[in-house]
Structures are given as C-alpha cells and as structure tokens.
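Before any comments, here is the structure.
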Amino acid sequence: MRHLFRPTGAAAMMLLLAAISGGCPPVDEYPGDSNHPRAPHNLFPEYTSENGQIATGVTPTEALEQPIAFPHDRHVQVLGMECEFCHSEARKSIHAGVPPTQTCWNCHQHVKKRLDQDAPSPEIARIAEFYEKGEPIPWKKVHDLPDYVHFEHKRHVKAGVDCTECHGQIALMGGERQEDGSVEGTMYRETTLQMGWCLGCHETHPSVNENYGENADLRRAELKDCWTCHK
Amino acid sequence: MSFSDGVQIKGVYAHLDCLLTGIEDLKSAGITGWTVQAPLPRHEIEEAIYEGRPAPVRWWTLTGAIAGLTAGFLLTSLTHAQWPMINPGGKPVVSLPTFAVVMFECTILFGGLATFAGMIVHTGLPSLWLPKMLQDPRVVDDKFSISFTDAPASQRERIEELLKASGAVEVTHGADTIYEVPNA
Amino acid sequence: MEDKYREANRPATYAAANRDIIRPLLTPTAMWFGAFVLAIAAMLYGGYCWYLQITWGMGVAGIKHPTFWGVYIVTFVFWVGIGHAGTLISAILYLVRSRWRTGVYRASEAMTIFAVMTALLFPALHLGRVWQMYWFFPYPNQRELWMNFKSPLMWDVFAISTYFTISSVFFYVGLVPDMAIVRDHSTGLVKRIYNVLALGWRGTHKQWHSYMAAYGFFAAFAAPLVLSVHSVVSWDFAMANTAGWHSTLFPPYFVAGAIFSGCAMVITLLMPMTILFKWEDYVNTWHFENLAKMCLLTSGILTYSYAMEYFIAWYSQNPYEQYIFWWRTFGEQWWIFATMVFCNCIAPLVWYYRPWRQNWTILFIVSIFVNIGMWFERLNIVASSTSRSFDPSTWDLYWPTAVEWGILIGSAGWFSFWFLLFAKTLPGVAITEIKEMVVPPVKGSLED
Amino acid sequence: MAGLNRRDFLKALGIGSSASVMAACRLDDNRYYTPIEQVLPYVVKPEQITPGTPTFFATSVGTGPNAHTVLARHRDGRVINVGANRRSPMAGIVPTDALFELQRHFSPDRYQAPAKKGGEATDWDAARSELVAGIKAAKSGGKKVAWLGPYASGSIVKLLDDVTDGNAVYWEPLGYEADALAAEKVFGKRVLPGYDLAKAKYIVSFGADFLSGWGGWELANQYAKAKDPNEGGFVARFALVSPYQDQTGANADDWYQCKPGAQAQVALAVAKLVAAKKGYNGPAARLVAAGDPAAAAAASGLGEGDIDAIAAQIVSRDSVVLPGGASGATTAATELAMACFLINVVSGMAGKTFGLGTAYTGPVHSYGDVKALIDAMNAGSIGALLLGDVNPAYALPADSGFAEAVGKVPFVASFSSHPDETNALANVILPVADVFEDWGDEEVHAGLRLLRQPAQSPMYGALSLGDVLLAAARDAGLQAAAAAPVEGEVEGEATEAPAEGEEAAPAVAGPIGFTPATFREYVKAVWKAEYSGANFDQWFSERLADGFMHHDTAIGAAPISAGAPALAGTAAIEGEGEYFLHAYPHPFRKDGRFANQPWAQETPDPMTGMVWDSWVCVNPKTAERMGWSRNDLLELKTAAGSIQVGVEFYPGVREDVLAVAFGQGHAANGRYANGVGANVVSLLSAKADSFGALAWQQAKVAFNKVGTAELVTTIGSDTDQMRMMAPIADADTLAKVGDAESAHPGEMTGIHHLPLDARLHERGAVDFYGMTDHPTYRWGMTVDINACTGCGACSVACYAENNLPVVGKAKVRDGREMGWIRVNRYWGYDEAKPGLPVENRFLPMMCQQCAHAPCESVCPVLATYHTIDGLNAMVYNRCVGTRYCANNCPYIARRFNYHSYVWPEPFNLQLNPDVVTRTMGVMEKCTFCVQRLRSTKSAYRDQGIDRVPDEALEQITACAEACPTDAISFGNLVDPESGVTKHTKSGRAYQVFAELNTMSAVTYLAKASYHRAEDPHHGGGHGEEHGEAGGEHHEPEAHGDAHGGEHAEPAPKAEGAHHEEPAHGADH
C-alpha cells in the first residue's frame, strides 16, 4: 500500500487523473445549427435584449434626446389641453397611445409657429416633414417597463388614478432645441417605476376602497397577485 | 501594562504539579493579579484557578439561541404574512411544520455565533497587544508560567520567592522591554 | 491492543508533538507541488465547463425532461455527505470523550469544511440562472419580496449555510491554539499572519477557561447539525412526491450514508497524509480501524435501509413505488444499482475480518470503493426516480455529458486545492489535543 | 374592415406598429445597461386599430374544400394568431392548417421579392411586365395560357378561368379527385358530396383521414358530436376498413384490417349486403349488383362475417360511410368512392347524413386532367404556364414527366410565395400575398360562402394574385369569355347557380371581365352580381365582419345519374412481393405543403411522437418476424425508386404492410424542410385508376436493412403502465345511463378514489391543510377523451399563442422540447384479441393547475404559487432555475429553457406581445392562457362586470379554441352552473393521478368503448340485432368478430340477397 504514496506511484495516479480529465470529449458542439440558433449569453442576461424581448426597463431619469423638442408645458399649461386629447387610447387600451403624427398634423397644419414667436417654428416643420415622408416619429421611450411586465393604462385611468401619480408633473416639462441642434429639457421620468413603488399604490391607493367598497380586500389581494402585473 | 509603580514578574514552570502548587500557594497567600499560561488546557489548572465556576460564555449561548429561535420564527412568519395571497401548495400562510427547520437552523446559527462572540469577549481575544512578557513562545510550546504584569513593587520579592519555592525553573522580573521574545 | 497502539505511539513530550506535526508545513515537496498544480488544472477545467454552461445554458448538461436533476445534485449530496464525518468526529466524539478522535479530527474537520465548500458550489452550478442566486437569501429589497420558507430547498440554504458557518467557526476555534504554535515556529511575515490568525493566542488561564466552555458549546451545537443537515438534504427528496423519494426512511438513511461516506473519505485522505507526513505516531491503525468500524456500522444501516425501501414498496402496494424499485434493479440502468450495492453493502464486509481491517492497503482500497458507491447511490436515487416518473409517456434516460463530468472533475480539483493548501499551511493533527494525551511533565508529587 | 380604403389601410399598416421595440442604443456614459427603446406611433392610425388591443379580422384559411373560417388576431400591425370564428355556422375551431399557414406567413424562407429563374431577385414591375410579355407571346403564338394550382373556389376561379380561357387545372396531391370523379359517374356532377357525421350513429371510413382535415375540419367537429354521450346517450361507433390506422383511424372502435387494394371490393360487397338487408331496389341496386362478399373476403383478408357485420351495423341505425381518401386511393380509388357513395344511398342515408345539397361544387380536377395538361405541354400547345401554390414537381411521381413537360413551355410563372421544387422550373416567380394579406372568397357549399380579407399589410410589399392577374390580363389585352361556360369538365361550375337556393337570386353573373381595378373590387363585383337585395355595400360590410354568407341548406338528396356505370369490384395492387407499401397523408405536413413550418415538424406526430423525420410504421409482429428493432434503417425499394427510413413499431398497421407518411424529403422547400426525412413519392409511379384518379396506394415494396436510423420520439412508453391515466367507460352502459350529472362522479371509470371538485369540500375535513379558498373564480378545464382525436391542434395552438420556441431534432432527442401540451397516446387493445388496437386513447396533458400543487411548495423563491383564481402561477422573471418544481410535478407538465432560443426574423413578428419570451434557465409551463383571462376580465371590468360569464370562458384558452372536436372546455369551477362544473359530475369524470391528492383543476372524461361489456349476455356472439328503433339503445355485439378477419363466424348472412354476376363493364 505505502508504495502508492512514493513519488512514482503518485506520478502514476496524477497521470491517471489527467487522462480522465483530458479524455472528455471537447466541448465545441453547442453553438446550435443555423436553423435553430441559440444566442450565447453574456453573464448578465437579464440586461440583454435578444429580439428586443427582455429589457429591464431601467431607463435614466434625465431627459432623453428626442427627435422633436416637444413641449408638454405649452400644450398643457398654455393651451389647457387634456392628456387624453392626444393620448387618446389611455382609457381604451393597455397603451396610452403616443399620438399618430396625424393628430399633431390636425392642428399644426394650421399652427405653424410658437405662441411666443413670430417666425415659423422649425420643430413644427419637422412634424410636417415626418408626416409628408410617411415615417413615424422615432420617440424614445421615457417610461419604459420591463418586457415581463403587463401594464394596462385603461385599468389605472378608469380606476381614477391620475396621470401625474405615475408620470409626474409632465405639465411642467418643456423642451428646447439647443443651438448645437441637440434637444434638451423634454420629458423625463420622475418616479422609479420599480416593483416596490408599484406595490406601494396597490397596497394603499384609496381608489380601491372607493371603487370596490366591501370587496376592496379581495381586490387588494388580487392587486398583489404576481400575475396582475407579470406575464 | 503599566510603568507607574508596577513591576513585571514571571515564573516559568516545566512541570504541571509545580505550577499547580504555585497557583495554590498564591491563592492561599492572597496574592492576585497573576496570569497563568499553559500550552494546553488541563482540568487541574482550571480546577485550581476557578474551583468549578463555569465560564460566563453560556449566557451568550442561551441568549443567542433564544434570539435565533425568535428571529427564525419572525423571519418566516412575517415574510409570508406580508404576501398572504401568494400561497404555495395550498398550505397555511404561517405553517409551523414547514418553518420548523428554518427556526431550528436559526437557533443553531445565532447560538453558535453568539457563543463565538462571547468567547471573544471573555477570552479577551484578539490579544495581539498583550504585554511582551506574556508573549513567551515557551508557554505555547511546552512550558507553563505564572506572570504578574503589574505587581506592586513592594511585593516583588515575596512573589518571586513563592514562585521559586513552588518549583519554577526560571523566575525573572523587570520592565516590559526586557522580555524580548526569543525566536524558536 | 488499542492501549498498545495508544501508549506506544504517543509522543514523549509536548515539544515533540509540536515538532512532528508542524514538520510538514515547513518543507513543501515536489510531490505536493505536483498535486497542487494538478488540482488547479482540474479546477480550471471545471471552471471552463461552467463557463460553457453559463454561456450556452443548462442544455450543455445531460438533464432533460423528465430528469431535471442530474450529476450536480448527485455530487452536491455526495459532498455534503462527505462533509459529515468531520463534524461527527470532532463534535459527537468530543462530547462522548472518545479518545481516538484526537488524531483524526483536525483533518476530518478540514475535510468537512472543504467538502461543504465544494457542495456549496453545486447549487450554483445547478441553477438555471445562477446570476439570480442572491434571491435565495433574506435581505430587504425594494421589491418587498422574500423567499419561500416552505420549500425544502430553502431549508437547505439555511441548513447548509448554518452548517458551514458553525463548522467553520468550530474548526477555526479549534485551530486557534495550534496556529499560535505555528506562529511560534515561524518568522517574519508568516509569523505575523499566523499571529493574526491565532488572534494573538497566549494560552492564559482566562483564555483557556472561556475557550474550553465555548468549545464545548460548539460541539453541542454541531452535534445536532450533523444529524440535521443531511436530514434536511434528504428532505429535498423525501418532501417531493416523486416515487422512490417520498419516504420517511430518508433522513436516517441519508445520515447513515453521509457518515459512511465521510468516514471512508477520512480514511482515503488521511492515510496518504499520514504516510507522506510521517505522522504514524499520531494517526495509526487504531484510528483507521475505528473509522472502518464506523463504516461497518453505517454500512449495515444502509444495507438495511436499501432492503427496507423494497419492503416499503412492496408493502405499500404503491404501483409507482414498486415500479421504481423494480426498475432500479432490473431496468436499463441496473448497473448503477449494482455498483451501489457492491460498493456499499458487499465491499465493506471484508472489514469484519480483523487482519484485513488492520491492513492499510485493504482499508484504502475499500474506502475508495465506498466513495464510489456512495456517489452511485445518489445517482441511483436522483436519476432513476425522475427518469421513470409518474407519467410513462415522458420517460427518458439520463446520462451526464462531458460538461457535467468536467464540472465533477473540477469540483474534485477545488476540494483537493483547499485540502492541499490546508495540509501545507495548518497543522493537520490537533496539536493541543495531542498534548492532552501526552503524560504531563511532573516533578514527582503529583499524579496524572 | 368595411369602408376603409384599402390603400390607406396598407399604408397605415406598412408604416409600423405602435410600440415596436426597435433600437438598442445605449447611453454614451454606459451607466445604464438597458436599451433605450423607441416608441413608433402611426403616421395615420387606422380606425379599427387600437395599439395594444387586438383587432380580429374574420377571414378564411385553406382553399377550396379545405376552407375554414377563422378570426385573424391582429395586434400592432401584424397577425399574431388565428382564432375561432364562433359566429359562423362552421365549427368554431382553429384548424392546424390555419396555424401552419400563420407560421408560413412569417417564414424566413418566404420570397421577399420576385425572382427570375436561377433565383436572381427582381422587382415587381419587371416581374409583372415579364408576365404580361409571356402571356402576350403565348396568345400571339396562338398557344394557350394554362393555370395549374391548388383547389380553389369563388371569385378567383372565375378570374383564373377567364385569364386562361378555361385552361385552369385545380389539382392537389392526396386530394379529392377520386371522390369528384365518383360523384361525376354516380350522380352526374363532379362535386364532393356533403356529409353530416353528427347525425350518424355508425361511421365507416375506408381510410379517409377526416379527423385531420379531409373533407374540411367540419367533419371532425361533427364526429365529436356523434360521439357525444350527451346527445342521446349513444356514442357513435366508428369502424375503419383500412390496412393502416392513421391518426384518424386510431380512433376507430372497430378495425377491419383490409388488405391494401381490396377496399373497393369490400365496399361493393357491403353495398350489396346493405341493399339486400334494406330491401333496396332503387336505381343504385343495379350498380352494386356485382358485390361479392365471399370474393371480397378472400381478397381483403377479412372474414365474410366481418363484411356482413359492417352491413348489419349500417342498416341497424343511422350511418354514414366515408370513402378512402388518399389512404384508400388504390388503382380502384374511384370505384371505392363510388361504392361508398352507393352504400350511403342504398342504406337510405341520402338526405340525412349524406347528400349533394351541401356538396362542394368548386372545380376538382384529377390526375387525368393534369396528365392532359402535361401532354399538352409536351405537344407544345401551352404557351404560358401559370403555377399556383402547388408543388407537382415534388408531389407527382417522377414518371409523370411533369418537370420535362414544363421545360417545353416557353413561359412559366409561379405565384408561390415560398420556395419549392416546382418554383425552380419557373421563368419568373411572383411571390403573391398569402391568405392573411389578400382578398378572396370561398364557396364551401351552396349555402355557405366565406370571405377572405387582409388582416395585415402584405409583407415585403407582396401584391395580390388577383391584382396581378387583373392588371396582366388588361395589359396583355385579354378578353374575358363573359359568362361563357368554361369548356368540358367543370360541371361543378354549371351547377353553382341552381344550388344557390331561394335567397340569393340565381342570376347568372354578368360580365365582370377584367374591369375591376383590384381583386377586392372584383370579389365585390362577383358578390354584387349574385346579390338581389338592397343596399349591397352595407350588406357586404356585414358579411365581411362576419366572414361568411350563409343560409340554411338541406343536405339534400343524392339522385343517381341515369348513366351511372355499374361497379366491377376491381382488385387493385399487384406486383411482386409479400409486403405492401402504404403511403398516407401526414396529419400536420399533409402532402408536404407545411413541411417547412417548424411547428409542423416539431409538434410530435400524434401516433408515434416522432419529430423532424420520416419513418416506416411496422407491425411489431412483422418486426419480430424480420428481426428488426426500433430505429433500424430500412431501404424500401420499388420499381420507381428507393428511400431510407427508420423503423417504428406500430400496432395499427397490417402485418403485411409498411406505412410511410407523405410530406418529407424536400429538396428545395426551405431551411426547415430540406433534407428532413424521405419523400415516399419516390417509391411511386404515375399510375392512375381507370377514371383518372392518381393511385397513391399502388406498390409492393422490397426492403433491406442498411443501418441504424436516428429517429426521435417524444413518447417514453407505449402504454400507461396500468396507471389508469386514460380509463375506459363502457359505451353500452353509457347509452343506458347517459352522461348527465351523476350522483357518483367518476363511477364509470373504475377509479374509486377521486377527489373530484364536487367532493372537495366534503373531503376538506380529512385533508391536512383543507381546500384552498377561491372567492370568485377557480379556473378549471375538462378534456373529453372520448372526443379527443389526437389531432394535435391544441399543441400547435399553444406554440402559436405562448411564444414557445422550436428547438430542432437534436434538442428534442436530448429531451428539450418545449411544447406545453403534449398529447399522450396510448394504444389500447381488444381484450379478446391481443395486439388489435381498438381502444386507443389520446390524453392531452398540460399543467393541471393543482390546488395542492406539488411544484409550488418546493420553489425556494416563490416563483410559482397558487393564485386567488386557482391558477398555478409561474412568474418567469422570478425563476432562478432550480428545476425542483418540474421534478416534483407528477404530470411533468413543466418545460425548462435549456437555452435562450432565438426566433429567426421574421418569426419574431408572430410573437404574442402579451406573453414574455423566456430566456435560458427559466422554467415555464401552461398557464391556462392567463394573458387571455387577464384581458377578458379587464374587458368585462370595463363594462362594470366583475365576474366573467361562462359563455365568454368556454373556449378562452388557445387549446380549447383550437380543438376541432371541442374536447377541451374551460370555465369557472366556483360557478355551479358552468359547463366545466357540470362535466366534473359526469360518470366519466376522473382526474389523472387523483390519488396523489393534487386537487387538480383539470378533469378528464373517460373514453367510451364498445369492448368493455361487463354484462355477460353482451359477451356472447352477435346474433342479437335490433331494428332501427332499438338501435340507439343496444349495440349489436359485433365486436366478437368485428376485426382482423381471423375467424369468420357464421353470421346471419344476407342469403337472399342478389347474387348477380359482377358487371365487368367497359370501365376496365
């Protein structure tokens, strides 16, 4: 027995172990075939956007550079427009609906300049440009939820949740094109849009009691069910 | 350590029986402030010094274990009670049979860690800054010792005699700096 | 006989004990380096396989519908089982004041820690989304989410992490006086490191007093853990409704199996160490024979359990249960069962013959058999029940892929890495406790 | 749809969707990992479209006799799914064909632009001018323009006939040519007679796969109604006379293992016996006089008693006899169809279960017509050949000479939107819009017309076939032969007008010519010409919204034509060798048209569980005799060629028959079909029967073992291992006690420990944890195994609805298939005759949504749990992938994402935005389509209704919606009045693995079988016949000798029947 632990025996054991280890077939067969490609994953797959499907929705809180320096403040505060005037699907669909270019065009084919300026506004001209080319305006999503979240605007609007409760004081958000051509100061995200933040209202929002009365407890339980928001 | 009027005295023993004699003698002489060092735990030494008094670590253990049991119960119950509608497998929200394991493990974990904390506190560990005289490698190897880090200078001779009489193989005294630790 | 070994081989003096046990720490040999490099190589190979798995998904492993658990769980249970002997020896034998514990407990405790560390890799290796593993731990988060304490896996998390924590503390506390000895046998930076590791231990009476009390409590805490950890692991299976798993027999059977495999692994590891490090004075046939006796006892329990599983299947008239046990024995993968029975029930029988029990070669070879057999036992449990689950339309066979074998080898490398490091840096035998066995130096009047 | 300008519609949709996830640009400072997504609004939003909310377009899928009305679910600019049109008189189901069409619509292999020969891409203008030039050249050269395309009906036929001057051939492989020819001979009209299976109590099929689409999916739905014990308690008995049980045949209660080629003789003998038993002496008596039971028995291998038993059953109650389909298409195919029609006539069922009133009257051409076209091409009289979406180069036997003949045509244009073997022969390929992008109409029968409308803008700017043809006809200066009867064979067209019935005016369509600018206008013009009421536009809009135009039409009589030839009783297949080749249409891939659809390849074959392959079905006894084992690779050889296929053991095939499915072995059909399996057509030669119907069953086959195949099956065991997963209820008992609510639910299944929901609350007291509380809903499902035919529509629908990835053959072999519903297949054997599968069951197995789910309590992170609505929820993004749940599920209903799968573009456009795609490491499973439940609840909440009514729930899940036999129903178990609650009280109710106390929400209803009579007096012999009146209560015990033909018991023969000499007429 003891000879096993002399250097020669030990060397033989090592060789044996090495043979087992190296004898495994090479692992190169996993890239799939061309018909069923599988994407290699990086180490933090939650953040990848394979087919644009999984995104966490953690967007920055500062204003994104939008294609058009759209001023919510002038439309809401100065002109007194309601949110649902443009976001007309908020009560009908899961999306509030970014207005079709035609909605902009309905007014802006007549309104070519800003209230406080005399010259025609180049931003409004951009709308015309997009409309005439028939291209959608590539807005960047400011309030972006993860792809595994199911959010219905209509349920919230109909329950009596005010737009500002989630979107913040959009009426105060402006937007100007800078001299270098960039757009700054457009809409930004005020709330975290994270799960705990959502749960806060689902647990305590008074609208549930108002709308459901004696069934409020049951509704609150439903509202805390994972599948209310996750898909 | 003190450089005021204290004096450092150390008696090194090679034999367990001599050490025990020394301890007994010191105790009967009413001399306090000594530290016994030994390379191994011997019940005789313990008995001689503490006379069967248990170490206070056990209170730490008990407290830790009770806290762990409570924490285990609260952790499991409260977290499940926060989501009563998220009900796995048709079991009650607070289901003690299924929580028992976690509660048990928490009891052990908290009890064990509290015991460790208690041991650290009561042993005075980490004792990296002990007086040099207590850092004698011989007492970790195979010798015993009785040391005074801060004995009244007036009693120095009495103590030295007592140590020698009990069979110490080496009795020295002096300021802290004299005890350079020899490398083994 | 036992006294003969004990008396004849114990060191003459405290200083001799120090010298003998610390000796291996001082002179790294080429052999050690070779083994160390090999362990690192195996570890890297396993790491590469894990990289493949993380990159491409669990599909690189052999798991499939309906066998969702494979080698990772098998090996997890295997290593957790290995991790039992150490604490059993160090805690339970400490509490019952078993004298032969002294020579072997340090190494077996180290083995425990490293085995649990290895086992802890496997939940991660096994997870589909290992990057979300932190969800297993209770920490307050903005999502207000917690875990399911009703899940046996969550019990596992708590049981294994508690076991690992308590065993590590126990191991460390036991090491403190010994590291102080190593400190005093070293110089320079190494000395400082050991001094810090030993918390500046000086063996004062105050230290010894609380130390010994705490050590006793640790032993008392670790003892139920020995029984509970593998019971909890067994509940991963027993709490499931899968036929062949769903059995109240599992906890005692798993604990016995764990002790069985752990003691065999102690023999496997300690015997080469003893020979290479020339520790025959401290670890000798007496210890190995006792370990073999432990194995014999637990092997008997295991054999009984295996038989009882068949009895329960027959007696319960549960068709699923009956089918599973029939299939394990005679199905496509009958040889897994046969290997298990041979290695766990038949091979250890040679130890009933005392000369063979004292023959180191036979001890070593049979202990290897037991290690293999216990791995196959877990494979037999994990893979067979799910391969032949309730709905026959889904039946399929499981066999590991190269990646799984690679990770298995990597885990052995990881374990060996730590164990080799341990053998080179920490006293492999509990010096202080060996000293307790030395006849204390007395001048005359006092008796031991 | 009505009122929307089409061009605007296309423009709007072409622009894009409302919330498409586009760019993945990152912020410069890299602080944010997530991509910034874009939201792209419409430029002009179409009225009907609400972003984020599906819009349903009633349309029809399938052409000609296969057309079925469906709802295309449009969401954000694209069709994402196909749903059932429950408003229509057709069954509210989703044919698997429609789902395959949906995937075909998004196929990455689809042509993105017109192409010239050799594959060189061109643009639409160039391709169109080439088409015009081709037609002009043909015309100026005095040559004909011909069309060869699939079955079609309605306006497009009119247009095509006009464009080609009647030289249009509508032919499909494995089609209905024999039936059409038979009807022409027997009834004087080339039509496909209508059937009403729902009224039949005894159904005989000579091989037609009517449960997987033959004769339209309507038949499958009617079959289930006939099988429904709720309708009178009597479960229709289904007898199969065929050498092979395909998925349809596997449902048979009696299997008469007729030798290939003898079906026509058996049918004729049966006809004669029926006539005798009925005392029929009408005009058909002469035609069936040649029937000779003894000879038929000898030729077919059946006993004379078997043949007599069939006849006895037919006369004893309402019956229907279905012809052979492709499985019965021997060289006596037409004769077989004629005999079958005649049985229905002489048994007096014409007008009840069979008739010409609901016949399909569109053009159905035979191989004889195709052959004539080939001859014309060879003769050089065809100047331009226009090819529709048909693939003769693949589906016709090589010696038909099709490919060579096409080579002789100066101009060949193909209008197929997908590559196939035939397109390679075309000079120019014009990939026209497909069924989801085009206008059109179909005439199912005289009283039922379907409309087709675009449900999304054409992909890649594809143009409509009709638009292209209209423009080309105008540009080429063609003159429409206005209302001129098109020459020769299209009698069906001529009968169209009289069959319209009283409501629609029988006005002959006025000349439409090529004047309408678009095909939409053309369809409208055609409909307008036949509309007599006021306000056509509004009426038409309403029809568009419905998707159909319907008025009640009687099934009608079936008058025998005066000149009908007498049947000869021809024996078919000849040749050397002992073993017959049986080639059968695959229930998914059909004639190969769906071979390139991954769903059609990956959904396990209903009978064998095979995926992505071809195999040969071999009776286990044959295999034992030959020493073959599963997966052996056989080379099959005939005079025509050879193929290599792996062996699959298959009890449902005669011992001297080797069966191979059509539809695989493509060479140029796209990335998913090419090289998969083998094309059984290579074993066939172009033999037709004497009437011109192509014989698909014609050959004997030689073979030798050449190696090992790599067949992949998903079925782990051939039986349920006595685990009572699909118990049997006795059909006779059922006929007595009915299927209404029983005091003892489940009493008929033989399972005596059922924690069915009805008893849950009683049981609560003994349960450790008690029953879970469900205040409003507990979603539940019932699956009627008696109605389930194993067609797999549920599985495919689930793929479409829930974004299930397709993983490919290798990964299925590794056990990584992702289907959420699998259909377990259990061979069930006659106890008296081991090895004779007549109690086969199909068990759709999906997540059972257990109230005490074993999976839930083991998940460490609460990713799965029981919802307040009684669902077993799975939160994908919480899953860490321990897979413990899947291990612990006794139903193995969970699927794990072993990899992250990618949908090759544009398959990703089909993804359902309401369901997240799962990435690797995540467990997934059936959720009862929770996204639909959620949106339905939300829609009702919009109206202030907190509890969704049962009728809105019955078919809410994708599987229930798709099921052609309505076997799956869904509802709220808390509601005592809901359909599912009532089902759980049936005597046939049971739950799988109920003894595990999972308290599942899925209840199965046991299959009724005629082979489990426990009543002793039922067991002995079969003399006990009843008149028609008693027939609905008692089953003549024919089963003792009903199959196999091994012992011919002396049965009460129709001795007095006519023994005329077979009239070997000029036919032969």
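All values below were derived from every heavy atom in this structure, side-chain atoms included, with hydrogens, water molecules and symmetry-related copies excluded.
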Below 6.0 angstrom between ring centroids: does that apply to Phe217(C) and Trp60(B)?
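Here the rings of Trp60(B) and Phe217(C) have centres that are no less than 6.0 Å from each other.
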
Contacting region of [X] [heavy-atom separation from chain B under 4.5 Å]:
X: Thr165(C); answer: side chain
X: Trp235(C); answer: side chain
X: Ile166(C); answer: side chain
X: Met239(C); answer: neither

Closest-packed option against chain B by number of heavy-atom pairs under 4.5 Å, given [options]:
options: Asn195(C), Asn148(C), Val169(C); result: Asn148(C)
options: Ala198(C), Ser228(C), Ala213(C); result: Ser228(C)
options: Met147(C), Arg183(C), His205(C); result: His205(C)
options: Tyr215(C), Trp208(C), Trp146(C); result: Trp208(C)
options: Met212(C), Lys150(C), Lys206(C); result: Lys150(C)

Using a cut-off of 6.0 Å, state whether more than 12 heavy atoms not belonging to Arg192(C) lie near its atom CZ.
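Atom CZ in Arg192(C) is not crowded, with 12 or fewer foreign heavy atoms closer than 6.0 Å.
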
Ignoring hydrogens and angles, tell me if any N or O in the side chain of Trp201(C) forms a donor-acceptor pair with the backbone of Ile181(C) under 3.5 Å.
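Checking the backbone N and O of Ile181(C) against the side chain of Trp201(C), no donor-acceptor pair under 3.5 Å is found.
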
Check: Leu197(C) main-chain N/O paired with Tyr172(C) side-chain donor or acceptor under 3.5 Å:
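Indeed, once roles are kept as given, a pair shorter than 3.5 Å links the two residues.
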
Do the non-hydrogen side-chain atoms of Thr115(B) and Arg58(B) ever get within less than 4.5 Å of each other?
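No. Closest side-chain heavy atoms not under 4.5 Å.
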
Any Leu175(C) side-chain heavy atom under 4.5 Å of Met179(C) side chain:
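Yes, close enough: below the 4.5 Å cut-off.
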
For the residue pair Thr87(C) and Tyr163(C), confirm or rule out a side-chain donor-acceptor distance under 3.5 Å.
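Side chains of Thr87(C) and Tyr163(C): pair found under 3.5 Å.
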
Can you say whether [X] sits under 4.5 Å from chain C via the side chain, the backbone, both, or neither, judging by heavy atoms?
X: His80(B); result: side chain
X: Ala38(B); result: both
X: Phe104(B); result: side chain
X: Ile108(B); result: both
X: Ile120(B); result: side chain

Quick check for you: among Ile49(B), Leu75(B), Ile45(B), which has the greatest number of heavy-atom pairs under 4.5 Å with chain C?
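Ranked by heavy-atom pairs under 4.5 Å with chain C, first place is Leu75(B).
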
Which word best sums up how the rings of Tyr50(B) and His209(C) line up, parallel for under 30°, tilted for 30 to 60°, or perpendicular for over 60°?
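The rings of Tyr50(B) and His209(C) lie parallel, inter-plane angle below 30°.
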
Between Phe149(C) and Trp155(C), what is the shortest heavy-atom contact and its length?
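Distance-wise, the nearest heavy atoms are O-NE1, 2.8 Å.
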
Step by step, work out the side-chain hydrogen bond (donor to acceptor under 3.5 Å, both in side chains) result for Thr35(B) and Ser147(B).
CA-CA 5 Å; Thr35(B) 301; Ser147(B) 310; over 6 Å; no

